[in-house]
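A quick write-up on the structure given underneath.
Quick caveat: nothing in here was measured; it's all calculated off a predicted structure.
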Amino acid sequence: MSFRRFLIKRTAIAALLTLIAVSIIFATLRMLPADPFSGLVASGALTPEQVAEVRAMYGLDEPIYVQYVKYIQNLFTFNFGVSLTQQRPVSEIITPALLNTLVLLLPALVVTAIISSLAGMYAGWNRGSWFEQSSIVATTVFRSVPNFVTGIFLLIIFSYGLGWLPAFGMRSPLANPSGYLDTYLSWNFLKHYTLPFTVTVLYYSGDFLMLARNSVVERMGSEFLMLHRAKGLSEMEQLGRAGRNSLLPLVTYFALRTGMLFQGVVTLEVVFAWPGIGRALVQAILNQDYPTVQAAVFIMAVAVIVMNLVADVAYAKLDPTVDAGDV
Amino acid sequence: MSLLEVNNLKITYQTAEEDVHAVNDVSFSIGEQDNYGLVGESGCGKSTIAKTILGLLDDNGEVEAGSVRFKDRDLVDLSEKEWQDVRWEEIAYIPQSAMDSLDPVMTVGSQIRQAIRKHRDDSKSKADERVAEVFEIVGLDPARTSDYPHEFSGGMRQRVTIAMALALDPDLIIADEPTTGLDVIVQDKIINKLLEIQDEVDSSMLLITHDVGVVAETCDEVSVLYGGKVMEQGATYDVFKHPTNPYTMGLQNSFPEVDEFDKQAISIPGSLPELTEEPTGCVFRNRCPFSTEECADGHPPLIANGGQMSACYHHDEAEDMREAATDAETWGIDVAEDRETSGDTGDVILETTDLEKWFKQTQSIMDSFRGAEPDYVKAVNGVDLTVREGEILGVAGESGCGKSTLGEVIAALQPRTGGDIQIDGTSVDDLLAESTKKFRSQVQFIFQDPFDSLNPRQRVKDAVAEPLKIQGHDKETIDRRVRETISDVGLNPPEKYLDRRPAQLSGGERQRVAIAQALVLEPKLLICDEPASMLDVSLKANILNILREMADKRDIGIVYISHDLASLTQIANRLAVMYLGEVIEIGKTREVVRNSKHPYAASLLAASPKTDPSIDRQRVLLPGEPPNPVNLPEGCNFAPRCPKASEECRKADPDRSAFKDGNHEAACYLPVEDVEDELLSSYARQERPEIQSGEEETIEQLGEEA
């Protein structure tokens with residue numbers, strides 16, 4: 001099968017999966033026992049008639065299938081509607097939050113993927129060395145301790161103890177930047193950025209380190225490395241070949257992790273008071289803010305599905321023995 | 001002056017419990033442009049020596065004493081940095097398993113280029129030129145240098161590694177079992193290629209193998225190794241024409257020739273020494289039928305004897321020992337009476353008619369949606385066989401011909417696609433419908449690998465008793481029959497073995513336990529899939545003898561599946577040769593071997609190397625490789641590779657009875673009369689052009705169609 005056909009097929013499947021995912025979100029939210037406005041009646045703020053009016057305004061009085069069709073139409077045209085609780089377009093709420101999350105997590109993930117994978121390969125190659133053992137212990141500790149605990153520790157040391165770095169938020173309360181460039185490229189931002197970034201790097205380091213180490217260990221002793229050695233390749237060149245042959249699980253894991261970044265890391269965002277998507281989502285769920293939740297979940301689903309697709313394509317590109325048709 | 005001199009080399013491996021003395025005081029030397037052979041069974045230290053010469057010894061291995069001098073320079077003390085310059089530039093290496101030896105994510109061309117540019121400051125294009133050159137030398141299409149290893153077949157991958165070894169014109173090439181794991185016809189072509197190259201380039205070669213035939217046909221000089229010691233050393237011709245050491249005799253005689261029916265293959269009793277300490281007596285004395293008390297007084301020195309050197313205290317009796325060593329009884333094997341006379345066979349126990357097993361190929365979603373007819377791999381395609389009581393039917397063929405699938409389908413381990421199987425006159429379906437237990441008590445299976453097929457936690461008695469328990473026999477019967485069977489398969493006295501676990505048994509003993517497990521139910525039909533192929537050669541004959549004896553004594557019908565023609569001709573009453581899912585020739589073993597009619601069967605049988613160095617054999621250079629079983633050619637499957645094929649052969653597929661002489665049948669319109677004239681010399685004639693076009697074409701063309 002040609003690569004193009006493979007791509008078309010996979011994309012079609014991805015689209016279908018997205019549709020299923022958003023339908024499930026729709027159904028789940030509608031199955032909740034209460035709706036966002038029933039609370040208003042109970043508290044006596046509005047009469048039932050007024051509530052009915054508000055419901056009609058948001059289109060919630062229409063038959064469920066009409067709501068569904070409109071919902072699908074809007075989603076696929078990236079029209080997410082208006083928040084029920086904040087009276088603002090959903091995109092205005094979600095876009096900055098999502099951006100804040102990605103600015104924090106994406107560089108952290110890339111950095112940890114590269115550094116930890118290389119360290120893992122080196123550890124695997126030098127099996128039994130102190131480097132291997134200590135790196136495994138250290139990263140396992142960071143992986144198994146909840147990231148908010150690590151975060152709090154770092155806060156205690158660097159913010160409250162040494163006073164080097166600010167303790168919360170994305171910028172100091174007085175700063176009022178205009179535009180993205182001003183927001184993300186300032187000294188003030190960098191100071192707020194350092195701690196949550198470090199925690200994320202440490203948190204994910206264990207996964208990549210172990211994956212890389214294990215696949216290099218698996219390759220070691222294989223006949224083709226022996227032949228490379230017999231050809232006179234140096235130690236590092238041999239490790240390079242072993243690493244190249246260990247890339248598959250790493251790339252797959254990286255792609256899947258990236259897909260999940262769009263959900264943010266709620267605990268981390270809470271500890272550092274980072275205005276990210278995770279926090280926004282929790283808030284929206286608590287308020288039963290249908291449009292916001294739907295939009296957020298839609299973006300997450302799409303991200304996971306798209307990154308899955310990327311993983312598949314990378315697989316086919318990286319490993320010549322994988323025929324595009326097999327994936 | 002010699003190129004490589006190994007002097008008094010001693011190597012030990014450190015393990016958690018004890019040190020293993022893998023190589024003890026080995027010396028030999030290789031001259032310029034020489035082919036030198038190291039031959040011996042697994043554990044004799046031959047690969048350890050090869051790795052030491054390349055500086056690739058595992059971390060727990062240590063050179064305790066001795067030197068490896070290469071061009072007047074001691075290699076043992078080189079630093080890793082110095083090693084990197086010696087490797088490939090001066091000593092190249094052809095690895096054992098070409099299947100796993102190439103980097104799967106690198107094109108074959110760039111792997112060879114990497115070797116060149118590591119040592120030379122050549123530009124990329126200059127290196128590429130050299131890659132194309134060596135590709136041509138080994139008979140590969142230079143246009144395929146940018147393909148990945150998985151796009152080549154096993155034989156072609158081995159050619160790639162040979163090309164790689166030639167890339168820098170090294171002074172010495174070490175080939176570690178270069179043909180083990182290849183089918184016999186492919187092996188013959190690779191050996192031919194190695195010898196051809198040897199004539200053209202001026203490298204020396206160190207060939208390491210367990211196969212006496214391969215060494216006898218390729219090497220000028222040889223060392224026979226056992227237990228880390230040189231047993232015999234000298235010119236290959238002398239060593240294998242007139243062996244003077246009992247071990248050489250035993251090893252050579254355990255390789256029966258395909259067409260020697262009257263000679264019983266021998267096996268050497270006992271198992272390899274542990275080597276946990278340096279040998280205090282002759283390493284072979286425990287297994288040697290000629291050993292005397294004198295043999296315990298230290299390992300005998302290598303003493304010149306005739307043209308060669310031999311390490312044996314009894315070297316002056318070599319003549320008599322040689323005579324005695326051809327007799328299986330010397331080695332403690334009970335010789336069964338001549339099987340032609342005892343080979344009375346009884347009623348038909350197995351009959352298959354038009355048996356088929358097709359594997360469906362995966363289809364794209366669209367194709368299956370459209371209801372397109374899927375492609376099938378016809379692993380077994382219309383096979384008719386009969387096996388009688390007390391008869392052993394041998395099934396021979398190259399890998400991928402469907403012989404293992406056939407065995408599994410007959411044993412109902414896999415469902416069949418079509419045709420019928422009758423056991424003792426009853427259809428398998430009826431037997432299975434009635435009771436699976438009953439069917440299993442009649443048909444048993446012995447697997448290839450005795451290391452995997454026994455449960456490591458089960459004691460021998462429990463393993464053998466298990467089938468009886470499943471069948472619901474009472475405790476006394478179970479006890480009695482377990483003992484009987486264990487003793488029947490030659491594990492005597494049974495008490496010694498009953499409480500052992502598989503880890504405490506040698507390979508040969510494990511396979512006997514596996515046989516006992518199959519025999520304890522007293523089946524009528526036994527299917528053996530390569531039961532001896534994982535065992536060292538010196539142990540094979542034992543397993544064959546047990547099976548032969550069981551067939552005669554218990555009147556069991558046996559289907560013996562193997563790629564090893566020599567053991568098939570030793571054991572089988574009748575022989576069936578398979579090619580691409582079909583039986584293309586069948587008949588009495590002698591008939592089929594001496595008078596093969598189908599060109600493929602004839603080629604296959606002519607391709608085994610001979611252990612007698614004085615025989616000059618015409619090599620089988622059969623062009624191409626078996627076609628992809630998905631898109632079989634119209635007409636005879638073998639026609640595209642057959643030098644005799646006519647128009648008729650390409651149009652219609654011949655029936656198995658196309659040639660018929662009594663029970664001897666062959667699916668060929670133009671049966672072979674003279675193998676040498678009609679096939680071998682015509683292969684040899686077309687070998688040159690075939691290299692460039694034939695082989696590659698079949699593969700590529702089929703690849704595209706698939």
Quick one: CH2 on W88(B) to CZ on R229(A), what's the gap to the nearest 0.5 Å? 13.5 Å
Option that, when pairs with chain A are counted at under 4.5 Å, heavy atom only, ranks first among H119(B), M106(B), Q96(B), K81(B): M106(B)
Kindly give the heavy-atom pair with the smallest separation between V105(B) and L318(A), and that separation in Å. CG1-O, 4.1 Å
For a side-chain contact (heavy atoms from CB on, under 4.5 Å) check, start with the C-alpha distance between F224(A) and D103(B), then their side-chain angles and the critical distance, and finish with the verdict. CA-CA 5 Å; F224(A) 72 83; D103(B) 194 327; 3.9 Å; yes
Please round to the nearest 0.5 Å and tell me the distance separating atom CD of E235(A) and atom CD of Q84(B). 8.0 Å
Just give me the residue among L102(B), I91(B), I94(B) that pairs up with chain A most often, heavy atom to heavy atom, under 4.5 Å. L102(B)
Check whether any side-chain N or O of K231(A) sits under 3.5 Å from a backbone N or O of M164(B) as a donor-acceptor pair, and report yes or no. no
Measure distances from Y148(B) to the heavy atoms of chain A and classify the residue's part below 4.5 Å as side chain, backbone, both or neither. side chain
Among the options L56(B), L54(B), L168(B), pick out the one with the most heavy-atom pairs lying under 4.5 Å from chain A. L56(B)
At a heavy-atom separation under 4.5 Å, does E89(B) approach chain A through its side chain, its backbone, both, or neither? neither
Which of the residues E223(A), M226(A), R219(A) is involved in the greatest number of heavy-atom pairs with chain B at under 4.5 angstrom? E223(A)
Residue from A165(B), P104(B), A115(B), A167(B) scoring the most non-hydrogen pairs under 4.5 Å with chain A is P104(B)
CZ (R127(A)) with more than 12 external heavy atoms under 6.0 Å: no
Selection from G55(B), P95(B), S101(B) maximising heavy-atom pairs under 4.5 Å formed with chain A: S101(B)
Quick check on S222(A) against chain B: is it the side chain, the backbone, both or neither that has a heavy atom closer than 4.5 Å? neither
With a 4.5 angstrom heavy-atom cut-off, could you sort out which part of L233(A) is near chain B: side chain, backbone, both or neither? both
